[in-house]
2 protein chains.
Amino acid sequence: MSSSSAASIGQPPPPAPPPEEEKKCLNSELWHACAGPLVCLPTVGTRVVYFPQGHSEQVAASTNKEVDGHIPNYPNLPPQLICQLHDVTMHADVETDEVYAQMTLQPLNPQEQNDAYLPAEMGIMSKQPTNYFCKTLTASDTSTHGGFSVPRRAAERVFPPLDFTQQPPAQELIARDIHDVEWKFRHIFRGQPKRHLLTTGWSVFVSAKRLVAGDSVLFIWNEKNQLLLGIRHATRPQTVMPSSVLSSDSMHIGLLAAAAHAAATNSRFTIFYNPRASPTEFVIPLSKYIKAVFHTRISVGMRFRMLFETEESSVRRYMGTITEVSDADPVRWPSSYWRSVKVGWDESTAGERPPRVSLWEIEPLTTFPMYPSLFPLRVKHPWYSGLACLYHVESKISVVGAISLHYCC
Amino acid sequence: MSSSSAASIGQPPPPAPPPEEEKKCLNSELWHACAGPLVCLPTVGTRVVYFPQGHSEQVAASTNKEVDGHIPNYPNLPPQLICQLHDVTMHADVETDEVYAQMTLQPLNPQEQNDAYLPAEMGIMSKQPTNYFCKTLTASDTSTHGGFSVPRRAAERVFPPLDFTQQPPAQELIARDIHDVEWKFRHIFRGQPKRHLLTTGWSVFVSAKRLVAGDSVLFIWNEKNQLLLGIRHATRPQTVMPSSVLSSDSMHIGLLAAAAHAAATNSRFTIFYNPRASPTEFVIPLSKYIKAVFHTRISVGMRFRMLFETEESSVRRYMGTITEVSDADPVRWPSSYWRSVKVGWDESTAGERPPRVSLWEIEPLTTFPMYPSLFPLRVKHPWYSGLACLYHVESKISVVGAISLHYCC
DNA sequence: TTGTCGGCCGTCGGCCGACAA
DNA sequence: TTGTCGGCCGACGGCCGACAA
């Protein structure tokens, strides 16, 4: 694989180093498809809220190491930081194809926080591809013995139609992965009963991407009549990769110190958001935050629903009940809205769902008129003064209120 | 590969996750052989000097990203930190076998720095294995077409002797890698002219370790009559791995903030030293530091020599001349001894050698009596007062002086 | 002394329909 | 509808000495 050309012949697994930092912006459709249906990125140029606590959670998940004391306090680092979002770029790990986003944030001073909203700030829906399928690989799919069995409806909907006058009907498919590398497959309709299969070319793809049974592939047929090809590795017990560069303690300190320094100097800082490592977004649109914190009444005992991703890359609602409203980490992050809602889940299979969620993740089940509540529910917290400036903003929003206050995901 | 047993059958490439953090201490001989002949680790329990500047250099090398501004100042973090070394453990990356060391350091207060030396503090020579060989793999060695051609003298010295009454002489070799995984090879003496070859078993090893031409393997025959097997990947352009977890800026801030916090509170912190990523040690025995800084006269124009590792894992001296004594980074790290000596190298092939080195890395070419110099050369720097406590220590050392002041490597 | 090649052989990668879940 | 298997065929993995650097 040549090191300079962006598009290259996919067949031999590329051992070449990536062409520096100047990777062009990846295909956004494919990135979002790999990231999953619930992931959405805030819009460049808007204001967002950054939660160092959530960022810390992601680093802990990535390093497989909880933070264990010896972390200095950053008294000037609030649990949430209102920032200008200067840049968002989508990336994929060169080794694993794992998707992640890089964001450049700049904390705003109270004056800037007070600025009026622009309509664009509301965030845009993440555009999930319309014509695609996602399949979890079986043992047969990944075995060296055979090819890939394409679910029938998926093949008919997503692949170009076969010429059924041929016997057997077959064609060559060319798909591009997230690095814009081409992969070729023989697509054939054969067997008894008849089925769609990918044969020649499939095994080199499997070995190049190091796919095993349980991983997923997804094919997208986009508006430009291109076939895109993404992978999602099953969430294996983390590879413990960060070792040998920096201790996980130093990483935690690093993210906190970087945010604290940026907050103190109102300067830019950079973070990575890895949607598969920890599904909980820790940079959210300011509008979404305001709506959840100031315009939503919640109380203990209230029922709610929340979206989760299913195995087959679609979305499901789970129901639950609010059991408590309190600080997730009263020592380190008092008065934080991050995971401030303790919940119980209806289904007994709830083991995988988090015991604590944030306000903006849930959908309370009340028919509740869309007018601004002058005071939010949680009056016990004393830090409203710090956000007082937002109140003025709020009243501006409320004018457009119900019609334009869509938020992401 | 079972996830719990330390020793396991090496043949199938192990996809299993590592058994948490409780990895036993690796084979020290093999670790040092893989790390190279110049690498030495300070002794646990002794005092060391830690250079955040050097640490930062290693992180920059590992992330392929120089520090680019926006790094806060840590005015209370001196360029060198005298620490108690509480723990050193040797590790090898589960994916790549890359060796690295983890050290737990605790900054000492001036009182503790003043304590008398223990004889054990002098550091111990790194024990390079005596009976071993290291070969850089050729295209034929890594091709699927054949096996591994063993250099004749290496085979005769390191492998168990063959039974030459057989025709052809052959045996099974069992070698253990740094994770204590067994690998089996057929060792045969055949061909015209006769030569030593590893055939059966070799190719699975090559593919499991992802070896390519230019990488090196090393075999050790130790005192317990065990065959050990290490690899060294050629220094490829870094894999840019840290992406997707933490920005390189945050990593830099993290290491500085962690050190600053530890220094302020005299608490422990943890660092990783990766000898292949950046060969320059940034944690050195205090005795070595004192000898170099206070007992060695250097001046501009002085000739010196310095050790470097050769391709075949041995050691060579290169000659050079001191051209300047100054701060390597006068803005960020004024008055630092790290790379304070600017040098010119004799040979025209000097492109790979660093333009700046530290005092303790070089060997000035003067016949110079071994008595303590009351004042070191560099009088322009004003920070001696800060190290004044060391002077008292120094006079204690000087008593034992020439006989016991051996230092590492 | 040792790196690479052509030759030869056997294993397994990979395409096929059968069959059953 | 689709996951796994046995059967079959050919490509290439892998062991050999020849030859030359």
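Because the structure is a prediction, the values reported are computed rather than measured.
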From [atom1] ([X]) to [atom2] ([Y]), nearest 0.5 Å:
X	Y	atom1	atom2	result
B:His187	B:Thr200	NE2	OG1	13.0 Å
A:Asp93	A:His91	CG	NE2	11.5 Å
A:Thr142	A:His145	OG1	NE2	13.0 Å
A:Leu198	A:Phe185	CG	CZ	6.5 Å
B:Leu229	B:Arg176	CG	CZ	11.5 Å
B:Leu227	B:Asn222	CG	CG	8.5 Å

Could you list the donor-acceptor pairs under 3.5 angstrom formed by side chains in residues 147-164 of chain B, with sequence neighbours left out?
| residue | atom | partner | partner atom | Å |
| --- | --- | --- | --- | --- |
| B:Arg152 | NE | B:Glu156 | OE2 | 3.0 |
| B:Arg157 | NH2 | B:Tyr132 | O | 2.7 |
| B:Asp163 | OD1 | B:Thr165 | N | 3.0 |
| B:Asp163 | OD1 | B:Thr165 | OG1 | 2.5 |
| B:Asp163 | OD2 | B:Thr165 | OG1 | 3.1 |
| B:Asp163 | OD2 | B:Gln166 | NE2 | 3.4 |

Can you name the one residue among B:Asp215, B:Leu211, B:Leu218 that meets side-chain contact (heavy atoms from CB on, under 4.5 Å) with B:Ile231?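 When B:Asp215, B:Leu211, B:Leu218 are each tested with B:Ile231, the side-chain contact (heavy atoms from CB on, under 4.5 Å) holds only for B:Leu211.
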Members of residues 191-200 of chain A that approach DNA chain C, where some heavy atom sits under 4.0 Å away: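 Close to the strand are A:Gly191, A:Gln192, A:Pro193, A:Arg195, A:Thr199, A:Thr200.
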Interface with DNA chain C, restricted to residues 143-162 of chain B and to heavy atoms under 4.0 Å: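 Close to the strand are B:His145, B:Ser149, B:Pro151, B:Arg152.
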Only one of A:Trp202, A:Phe205, A:Phe219 forms a ring pair (Phe, Tyr, Trp, His ring centres under 6.0 Å) with A:Trp183, so which one is it?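 Single pass found, and it is A:Phe205.
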Any donor-acceptor N or O pair under 3.5 Å, side chains A:Asp97, A:His179: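 Their side chains do contain a donor-acceptor pair, which is all the 3.5 Å distance test asks for.
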Contact boundaries of DNA chain C with chain A (under 4.0 Å, heavy atoms), 5' to 3'?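 Span of nucleotides near chain A: C:dG13 to C:dA20.
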Within 45° of the six-membered ring axis of B:Phe189 and under 6.0 Å from that ring's centre, is NZ or CZ of B:Arg195 located there?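 No, cation not above the ring by the 6.0 Å, 45° rule.
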A cation-pi test, strictly: NZ or CZ of B:Arg353 under 6.0 Å from the centre of the six-membered ring of B:Phe308 and no more than 45 degrees from its axis. Yes or no?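 Checked: cation-pi criterion met.
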Using a strict threshold of under 4.0 Å (side-chain N to carboxylate O), is an ion pair present between A:Lys209 and A:Asp177?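 The answer is yes: the pair qualifies as a salt bridge.
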Check this for me, if you would: do A:Glu309 and A:Arg232 make a salt bridge, where the nitrogen-to-carboxylate-oxygen distance has to be below 4.0 angstrom?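 The answer is yes: the pair qualifies as a salt bridge.
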In residues 163-175 of chain B, which residues come under 4.0 Å of DNA chain D by heavy atom?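 None - not one residue of the stretch has a heavy atom sitting under 4.0 Å from the strand.
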When you compare the side chain of A:Val99 with that of A:Met90, does any pair of heavy atoms fall below 4.5 Å?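 Counting from C-beta outward, A:Met90 and A:Val99 never come under 4.5 Å.
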Using five pairs at either end of the helix from C:dT1-D:dA21 to C:dA21-D:dT1, determine the angle between the two local helix axes and round it to 10 degrees.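 The value is 40°.
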